[in-house]
Amino acid sequence: MKFWERLGKIDRRIIYIVLAVVVIIPLILTVKLPGKVRAMPRTKDVFDHIENIDPNGKRRSILISVDFDPQTEPELKPQLEAVVRHAFARNIPLLVMALPIQGTDIGIEVFTRLAEEHNKEYGIDYVILGWKPSPVAVILGMGNFIEQVFPTDYWGTPLSELPVMEGIRNYDDVGLVMDFTGSSFYVYWVYYAHTPYDVPVATGVTSVSVADIYPFLGSKQFIGMLAGMKAGAEYERLVKDKYYQDQDIFLRGTQALPALSASLLVIILFVILGNISHFATRRKS
Amino acid sequence: MFFLLLPFLLTQAEVVSPPERSYDPGMDVAVLAGEVDTLQAMLTQVTGNQVEDLEAHMSSMFTRVYTIDSILKVLMEPEELIVEEIQPPANVKVEDVRNDVGNQLVLRWNLSPDDSLLDGYVLYRAVEGKQEFKQIQVLPPGADSTNDNNDLLARMIEYGRDEIASLRRNLPRAKRALPKLKQDAAKFPQADSLVPGIKNNLVAIILGYRRNTVRQFELDMETAKRNAERVQIKIDSLRGEITAEQTEVFTEHVNALASGMVDLQSMVQEDLPPGAAELEALAEETSKLRAKIQGTTVYRVQKLEADLANLEAEIASLESMIANIAFIEEADLEEYAKSRTERMQGLIEDSEGKLLKNRLSYRYKVVAVRGDLQAPSELSAAASPSAQLFHTQRINVLVAMIFFFSLVTFFISQAKRGKNLFLRKIAGLEAIDEAVGRATEMGRPILFVPGLSTIGDIATIAALNILQGIAKKAAQYDTPIIVPNRDPIVYTVAREIVKEAYSDAGRPDAFNPDSVFFITTSQFAYVAAVNGIMLREKPAANFFLGMFWAESLLLAETGNISGAIQIAGTDASAQLPFFITACDYTIIGEELYAASAYLSREPNLVGTIKGQDWGKATIAGLLIVLTVLAMFGIEFAVKLLTTV
Amino acid sequence: MKRRIPLTLTLVLGIVMMIQFFIPHQFSQDFKNTALEWLRVIGGFAFIIGLASFITHHYTKIKHKKEGWAYSPIALGALVVMAVVGLIGRSPNMNWIPVTVQGQQISVFTYLFSNFFTHMMIPLGATMFSVLAFYIASAAYRSFRAKSLVSILLLVAAFVIMLAIIFYNVLPLGDLGEWLLSVPNMAAKRGILLGASLGGIATSLKIILGIERGYLGGTK
Amino acid sequence: MKKWVPTVIFLAVAVVLIVLAIVFLPVSKSVWVWIAALLTLAIFSILYRDNPIYRIAEHIFVGLSLGYGLAMIWHLALWQIALRPLFVEGRFILIIPIAIGLLYFTRLIPKVSWLVRIPISIALGLGSGIAIPLIFQATIFEQTKASLVLPEMFAPGNPWPGIWAIILIIGIVTTLAYFFFSRKEKSVLSPVSKVGIIFIMLGFGATFGLTVMSRVSLLIGRVQFLLREWLGIIAQ
């Protein structure tokens with residue numbers, strides 16, 4: 001029984017070190033999970049929807065809203081990159097905006113890097129709209145006329161001078177609104193874009209909000225969802241298998257997956273051990 | 001640490017590929033069109049055209065055979081039909097679209113019996129009583145309805161106006177800039193001749209895009225040249241990468257593939273009837289092999305060479321553009337601006353003439369067209385696009401709003417009139433007495449954290465309401481209470497509340513002003529300080545009520561270790577699980593508001609809770625009743641909840 | 001007057017916007033678009049409140065030499081540097097003091113601004129949250145107790161979800177997790193969502209009617 | 001332990017690690033990556049205990065965020081949608097909202113500070129008025145509609161969607177019953193709300209598991225940065 005008691009009083013820093021080791025080792029050893037990552041149905045839904053967007057049709061563009069701060073960047077960036085790669089591979093025009101102010105520069109960083117990798121050109125294949133205050137007024141206003149909300153792009157060029165905006169006027173010309181958020185901005189897109197203007201909306205979220213989003217998935221208010229880093233890995237896999245089979249692209253999420261599995265397992269073990277030690281020592285006293 | 005390997009071992013056990021989606025029926029035609037082409041090509045190559053095999057293959061793959069029939073028909077009867085007469089569409093009906101701003105009409109008609117022979121339909125419109133028909137839309141064959149609205153026209157008008165405005169704005173600017181531009185352009189060798197297309201383009205650029213000075217061109221060119229150099233270097237280095245050995249391996253692979261192809265082809269030829277599927281597999285296999293053999297190096301060199309060619313072309317065009325600026329005169333700018341403005345004005349007038357107007361009635365005719373042949377339908381009845389003042393499909397929302405508003409206001413007024421409205425007890429609240437009692441017995445203090453949010457948060461207000469009751473009990477039993485704060489305003493309010501509670505309990509002298517204090521606005525520094533209090537002062541009861549974020553976990557964990565009774569409550573659903581597993585009692589979500597109403601008896605709070613209660617009851621009731629109705633196949637149930 | 005004007009504005013605008021929802025006519029749409037545009041313009045100025053309270057907070061801290069005041073100049077300095085660099089560096093066509101980065105000529109301000117963001121703000125923000133992983137591991141060991149039926153249920157559900165994530169490729173587990181999320185979880189979350197929506201509507205209504213007036217200045 | 005001890009330990013460990021890294025690893029040669037890495041480590045130092053290095057990093061972050069916001073709001077909001085349309089395009093009507101927005105400044109002038117309530121009340125009034133009907137539409141109606149059990153869910157051979165839909169509706173109703181505060185003790189609703197708490201706990205359990213995953217993902221992201229961009233241990 002002494003063993004359990006001592007285990008119960010273990011220093012928290014030892015636990016920290018165990019977790020750190022469990023995260024670092026699979027990353028360094030570049031452990032690869034056997035088999036392919038199986039995509040969850042919600043992820044597949046998003047992929048299929050983007051597959052079915054016709055880059056020459058009416059609803060031909062995707063509006064990407066980078067609604068996250070640096071705080072949740074590690075979870076959402078793999079998703080964002082995978083979706084952007086997918087859209088670039090299919091030549092879908094992309095409009096990029098942000099509801100929280102810091103999202104703009106995260107978007108710029110990702111897009112400048114990926115555009116160079118994929119030979120895409122600013123103003124022709126994508127446009128950074130930037131940020132405007134009052135999220136509700138921004139989302140609702142874009143349903144009327146995008147240029148009314150964003151008269152110019154992020155760098156001050158009038159939108160009418162950018163070829164990518166040709167024929168894209170409001171949500172009627174948008175095939176999908178893809179919102180990436182670490183907070184509850186997804187609700188705004190349901191309330192103020194999907195409900196009044198009936199534009200398809202999907203969301204990429206941190207795992208924290210995943211369970212809360214299910215009611216909206218059940219009611220088809222979201223056409224799909226990307227759930228945390230795991231979904232980033234799944235989407236990367238789907239995109240790579242279809243478009244980049246022979247190309248070497250950096251799969252941020254896939255690389256992280258073994259470490260994620262290992263650390264979750266360790267945490268489960270911690271809970272079990274902690275409970276055993278708790279009840280063992282309590283019975284004694 | 002064998003468990004590290006466990007997930008990988010287990011996943012090895014059963015690897016399942018993602019479930020294939022069955023074909024979407026709506027997509028059959030598109031998918032099939034592609035299939036037919038490739039298959040036909042392959043079959044012709046191997047056996048000559050055998051339509052039976054094609055059909056067998058396709059019907060094994062797809063359930064919808066009728067689309068195949070239509071494709072086969074086209075495949076088997078390729079000769080051009082000679083048509084001398086076509087029938088018109090009939091029965092053109094026009095209807096106003098309800099619940100809109102009054103700018104659209106919906107049209108429906110019966111297809112012409114010769115629909116499959118047509119090039120399409122052309123839609124004409126005239127104002128009622130006038131003979132002048134305007135062409136509105138051109139539709140593909142098979143279209144038997146359309147929506148006539150102002151969307152596209154409004155877009156055209158807006159585009160035209162924008163362009164005119166920018167021309168007007170930019171003309172004087174461009175005139176001013178031109179001499180300087182020409183000066184700069186003189187530095188470049190003259191172009192051989194002035195290409196009219198480039199000239200127009202240049203004039204437009206100079207007029208419209210103020211950043212595009214020669215300077216910008218020069219910069220662009222520099223970048224382009226630098227890029228070209230880089231690409232060249234890259235190509236050279238990559239070429240160096242392929243060794244003689246690699247080339248040998250490469251050739252070997254190609255030869256192997258070539259011999260393999262022959263075998264595979266003969267094999268396919270032998271068992272052809274079900275062989276279409278194998279053909280497909282073969283095609284896939286071949287393409288994969290080819291990609292592998294080609295090797296990334298060769299691919300990259302090719303791509304870079306293409307890039308280089310593009311860049312060189314770009315440099316050349318930039319050079320000629322800059323040189324051409326020397327030929328542009330001020331008159332050119334004016335002329336361009338004038339002609340462009342005229343064109344845009346024409347566009348605007350034309351579009352405005354076609355706009356549907358709210359108060360006019362219109363008649364339509366639909367003309368079937370094949371080459372030179374035209375067959376106009378009868379004129380439709382007149383219809384007018386009207387704007388509505390009430391959205392009839394939103395009545396249900398209006399009813400729900402009025403119902404819920406009256407519930408809330410009714411209960412608030414009841415509560416204000418002093419009527420005692422019943423609210424159930426809340427488990428966490430009952431434990432408060434127990435916790436305060438235990439602290440008194442043990443002679444240790446009570447810790448109360450009113451959340452980390454501002455006073456604007458409902459959860460904070462609810463927490464402060466609960467603090468009122470706890471502070472009063474603490475004052476009665478003479479148990480010390482500690483209230484650390486993160487928000488300065490919450491701090492002042494909390495202080496007042498505790499002070500008031502002590503005087504309510506008849507012991508104003510016992511109030512210790514240092515017991516309610518402000519720590520810091522920094523999230524983690526605040527938590528560190530509170531954790532320090534828990535470990536040093538060892539309070540017997542911890543209350544975490546209000547709005548919490550990530551720190552919930554830290555607070556609850558430290559409290560748990562210090563052995564205190566913990567009562568937590570928040571409406572942040574992501575934080576509740578941490579409280580539930582680490583605290584003794586947890587007040588969940590809405591319970592927090594109810595608890596605060598229950599304790600404070602504030603009429604606004606109690607009334608709202610009651611109103612929401614009956615709102616929830618209505619929803620639950622509707623769910624059950626409408627489900628029963630829907631199960632009996634009554635569509636009304638679903639319609640009732642459909643909004644636009 | 002100090003209360004009546006704002007309360008009347010809220011009442012009138014709130015009711016007008018509610019009525020607007022039911023009128024499809026053009027004038028109603030035009031009104032809505034103008035209101036939204038004004039809302040965006042007004043919203044642009046709202047940051048002043050945050051800025052003012054930040055500066056006064058740190059200023060008083062330094063003035064009275066409160067605990068930890070030495071950090072306040074750092075925060076204020078970072079604010080000023082970032083604001084200046086951003087105001088200059090993000091201007092269109094800015095090329096003061098150009099530097100060459102990867103063959104492109106850009107202003108040193110633009111260069112600093114984007115690097116401050118990507119190499120200071122992102123790592124700082126992201127790491128602050130990642131620290132929680134360690135805290136969760138520690139709490140998992142020391143505090144997540146299956147002490148009642150309720151917490152047992154909760155822990156079991158959490159285990160199922162975590163195992164489903166780890167072993168998603170193993171069919172029954174992955175599907176069990178998916179089921180848990182899309183049936184019992186969805187039911188509970190939908191119930192809570194419906195309740196919370198009613199709460200949100202009631203609060204909005206109280207704001208419009210002037211019953212809830214916390215925004216008038218915090219204290220009563 | 002003295003207050004400065006962790007700082008010294010942190011610095012010592014950092015210096016040793018840096019030297020080791022430079023000697024043995026293909027570390028990044030970018031100054032900026034180094035700054036990012038050191039700031040990352042500075043934040044991680046709170047795991048040992050609250051210390052000055054952490055506090056400095058934290059305050060830098062707060063200051064930078066606000067300075068960033070200030071610059072962006074000027075360029076993207078005030079200039080692009082308010083001042084330029086007014087002064088360059090001559091849309092003088094915008095003077096009204098700009099004047100209202102400027103009232104936020106009265107917060108700094110005690111005598112007229114009540115005027116700050118005007119822009120706030122306008123934003124709240126418009127916001128609440130827009131929100132109410134849309135919340136009815138988007139949650140109350142849509143969510144209720146999506147919860148109905150329909151006959152077509154009981155397809156012959158696969159009745160499971162229908163069965164799950166029935167469980168779903170039971171879960172929703174019992175959850176609502178749990179949060180029904182007008183119920184008397186010992187009423188029929190008591191056992192019903194006990195069923196509700198089961199659903200609620202399963203739901204929270206799901207959130208719990210996912211939250212754990214979320215936090216761990218964030219950590220992995222940072223470790224990935226340190227090992228890949230900074231130290232170059234993991235291949236690019």
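Atom set for the values below is all heavy atoms of this structure, side chains included, hydrogens, waters and symmetry mates excluded. To find a chain, count down the sequence lines: A is the first, B the second, and so on, and within it residues start at 1.
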Counting only heavy atoms closer than 4.5 Å, note whether [X] contacts chain A via side chain, backbone, both or neither.
X	answer
Phe47(C)	neither
Leu155(C)	side chain
Ala133(C)	both
Ser138(C)	both
Phe144(C)	both
Ile122(C)	both
Thr110(C)	neither
Met128(C)	neither
Leu180(C)	neither

Sort Gln148(A) into side chain, backbone, both or neither according to what part of it lies under 4.5 angstrom from a heavy atom of chain C.
->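 Answer is both: backbone and side chain atoms of Gln148(A) are under 4.5 Å from chain C.
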Can you tell which part of Leu217(A) gets under 4.5 Å to a heavy atom of chain C, answering side chain, backbone, both or neither?
->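 For Leu217(A), neither part sits under 4.5 Å from chain C.
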Quick one: does Ser28(C)'s side chain have a donor or acceptor within less than 3.5 Å of a partner on Ile23(C)'s backbone?
->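 Checked: pair present.
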Is a side-chain N or O of Arg42(A) found less than 3.5 angstrom from the main chain of Met225(A), in a donor-acceptor match?
->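 No: the side chain of Arg42(A) does not pair with the backbone of Met225(A).
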Among Arg145(C), Arg142(C), Lys147(C), the one residue meeting side-chain hydrogen bond (donor to acceptor under 3.5 Å, both in side chains) with His278(A) =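 By the side-chain hydrogen bond (donor to acceptor under 3.5 Å, both in side chains) criterion, His278(A) pairs with just one of Arg145(C), Arg142(C), Lys147(C): Arg145(C).
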Can you see which heavy atom on Lys32(C) is nearest to which on Tyr197(A), and at what distance?
->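 For Lys32(C) and Tyr197(A), the tightest heavy-atom pair comes out as NZ-OH, 3.7 Å.
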Gap between atom CG of Leu129(A) and atom CG of Leu162(A) - 0.5 Å precision =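 Spacing of CG (Leu162(A)) from CG (Leu129(A)) equals 9.0 Å.
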Contact winner vs chain C - Ile14(A), Asp69(A), Val138(A), Val210(A), heavy-atom pairs under 4.5 Å =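 Most pairs with chain C among the choices: Val138(A).
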Against chain C, work out which of Ala227(A), Gly228(A), Pro215(A), Gly143(A) has the most heavy-atom pairs shorter than 4.5 Å and name it.
->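 Top option by heavy-atom pairs under 4.5 Å: Pro215(A).
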Contact winner vs chain A - Val41(C), Leu36(C), Ile136(C), Thr127(C), heavy-atom pairs under 4.5 Å =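 The option with the most such pairs is Leu36(C).
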Over 60° means perpendicular and under 30° means parallel, so classify the ring planes of Phe109(C) and Trp96(C), tilted if in between.
->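 Taking Phe109(C) first and then Trp96(C), their aromatic rings stand perpendicular (interplane angle over 60°).
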With under 30° as parallel and over 60° as perpendicular, where do the rings of Tyr188(A) and Tyr192(A) fit, or are they tilted in between?
->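 Answer is perpendicular, since the angle exceeds 60°.
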